[in-house]
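As the structure lists them, so they are numbered: ligands from 1, and atoms in each ligand from 1. The figures here come from the full heavy-atom set of this structure, side chains too, leaving out hydrogens, waters and symmetry mates.
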Amino acid sequence: MATLQPVRGTHDLLPEDMRAQRHVADTAAAVSLLYGFEEMTPPVFEFTEVFKRTLGDTSDIVTKEMYTFEDRGGDSITLRPEFTAGIARAFMSNGLQQSVPVKFFARGPVFRYERPQKGRLRQFHQVDVEILGVPGPQADIEVIAVGAHLLKTLGVADDVTLEINTLGDTESRQNYRDTLVSYLNGHKDKLSEDSLNRLEKNPLRIFDSKDEGDRTVMAEAPLLSEHLNDHSRQFFDEVLQGLSDIGVETNINPRLVRGLDYYSHTAFEFVTDKLGAQGAVLAGGRYDGLMEQMGGRPMPGIGWAAGVERLAMMVGDAAGQVRPIAVVPVGGDAGRAAMKIAQSLREAGYHADLGYSGNMGKRMKRADKLNAIATVILGEDELARDAATVRDMQSGEQTEVPLKDLEAHLAKYR
Ligand code: ATP
Ligand code: MG
């Protein structure tokens, strides 16, 4: 029955998914805290204008991917397709201009109407960091450093590379625009319809197209890097120098642009070849024009977002797994003792699992399945001696331990 299926592109997060995703998101929260990013959470939905004004009329998100609806009061509402716009709105709504710089970490579900495939969902999760109020390249360096640190902590640093580019300041992009547009006008026959629409409004965005024809045209296009003014060039050099100083390796990719309209200067993406077609895992950039576009005072900002599902896939199933201690009673009378022992282990902070039924073989199988780190076996003979047998599940070694020493004996499995 169709109604028993989740909506296409959404998933139930069963315990193993939840565990892997929580590991990724908790690691991101912890690593970003090392850099002074504090967690905040904007609402899951906002007035549609918040995203429309900031993401721009030509972005994929606004033109094709937003979940927008009219609520019962007649307001146009959109489920957040990303965090930056909501965080910027929150920054202004809460008058945080007085407290800059602010450094935020956020996590949670985001929604995009996309064609679902592996690593591309309609409800997915992001972790996100933003620095607001810092105009200089230190912020760019720090934001990228947190991303690199996170990927390293998750153990996936060897599977990703950092691509980086500069989009320059407004003047540089204006200098370049005419050159690019006249080149594109000469290749209109090969461009996709989307790109033809962008040709006048936001030609730079065509570099971000996934269309084959567009890509061939863009491979030969003149580059922004040849049109940077001194300020933009110097800014980029300082970012690159700073990253090199702290040991973050970069690949300059002069064709990297970001899908959103509000970016300037630094744009970057950590990419992988481990996830098939979905190569981007963590991406961001500087958005000095965003606040003004939302109707506020100009305010520099830079940040990134990473896909939690994509990171969780790279990290693998074992991530964040807790290995319990299994308590296995053998024989009728041992059941009561097992319940008491499991309880006291839990109160001492151990993760203890008590199989509910079955013979010893069946319960040992459950201990294996739970990936127990140790099993406390309670046979009637041992119990008569006020003792239990502890089996180390790694080595298979068994030791008889007096019950009064059990907690101390298990301490090495914490
Ligand atoms: P893509 O080029 O894959 O569409 P994007 O440029 O739209 O990515 P961003 O808006 O930069 O992605 O979002 C940041 C991160 O969120 C991406 O690097 C990716 O890891 C993740 N992400 C984006 N869209 C999806 C999706 N539909 N499903 C799962 N993860 C996603
Ligand atoms: Mg996308």
- Arg391 backbone acceptor or donor facing Thr375 side chain under 3.5 Å: no

- Message: Using a 4.0 Å cut-off to any heavy atom of Ala283, which atoms of ligand 1 qualify?
- Response: 11 (O)

- Item | Under 4.0 Å to a heavy atom of Leu282 - the qualifying atoms of ligand 1, by number | 18 (O)

- Flag the pair Arg177 and Glu200 as a salt bridge only when some basic side-chain nitrogen lies within less than 4.0 angstrom of an acidic carboxylate oxygen. yes

- With a 4.0 Å heavy-atom cut-off (strictly under), which part of Asp208 contacts ligand 1: side chain, backbone, both or neither? neither

- May I ask you to decide if the ring planes of His227 and Tyr176 are parallel, tilted or perpendicular, using 30° and 60° as cut-offs? tilted

- Task: May I ask you to identify, for Arg120, whether its side chain, its backbone, both or neither come under 4.0 Å of ligand 1 on a heavy-atom basis?
- Result: both

- Verdict with reasoning, Ile302 to Val134, per side-chain contact (heavy atoms from CB on, under 4.5 Å): CA-CA 8 Å; Ile302 178 159; Val134 181; over 6 Å; no

- Sub-4.0 Å heavy-atom contact, Glu82 with ligand 1: no

- Message: Could you go through Asp17 and Leu14, starting from their C-alpha distance and side-chain angles, then the distance that decides it, and tell me whether this counts as side-chain contact (heavy atoms from CB on, under 4.5 Å)?
- Response: CA-CA 5 Å; Asp17 308 312; Leu14 294 176; 3.6 Å; yes

- Does the distance from a Lys or Arg side-chain N to an Asp or Glu carboxylate O, for Arg198 and Asp60, drop under 4.0 Å? yes

- Sub-3.5 Å N/O-N/O distance, Leu121 and ligand 1: yes

- Query: Would you say Glu309 contacts ligand 1, with heavy atoms under 4.0 Å as the rule?
  - Reply: no

- Query: For the residue pair Tyr35 and His149, does the interplanar ring angle fall in the parallel (under 30°), tilted (30 to 60°) or perpendicular (over 60°) class?
  - Reply: perpendicular

- Note on the structure: Lys210 heavy atoms within 4.0 Å reach ligand 1 at atoms 1 (P), 2 (O), 4 (O)

- Message: Which of the numbered atoms in ligand 1 are under 4.0 angstrom from any heavy atom belonging to Gln126?
- Response: 13 (O), 14 (C), 15 (C), 16 (O)

- From Arg80, Arg89, Lys52, residue fulfilling salt bridge (Lys or Arg N to Asp or Glu O under 4.0 Å) relative to Glu46: Arg89

- Task: Ignoring hydrogens, just give me the one of Gly284, Gly119, Gly307, Pro81 whose non-hydrogen atom is nearest atom 29 (C) of ligand 1.
- Result: Gly119

- Quick look: Arg122 vs ligand 1, heavy-atom contacts under 4.0 Å, and the answer is neither

- Item | Glu407 and Tyr350: side chain donor to acceptor below 3.5 Å | no

- Answer with yes or no whether Glu269 contacts ligand 1, where contact means a heavy atom under 4.0 Å from a ligand atom. no

- Item | Sub-4.5 Å side-chain heavy-atom contact between Leu132 and Ile87 | yes

- Message: If you measure every N or O of Ala280 against every N or O of ligand 1, does any of those distances drop under 3.5 Å?
- Response: yes

- Between Phe124 and ligand 1, does any nitrogen or oxygen pair lie at a separation below 3.5 Å? no

- Message: Give the atom numbers and elements of ligand 1 that come within less than 4.0 Å of a heavy atom of Glu114.
- Response: 24 (N), 25 (C), 26 (C), 27 (N)

- Under a heavy-atom criterion of less than 4.0 Å, does Gln278 contact ligand 1? no

- Query: Which of the atoms of ligand 1 are close to Arg112, meaning less than 4.0 Å from one of its heavy atoms?
  - Reply: 5 (P), 7 (O), 9 (P), 10 (O), 12 (O), 13 (O), 23 (C), 24 (N)

- Query: Arg107 side chain to His125 main-chain N or O, any donor-acceptor pair under 3.5 Å?
  - Reply: no

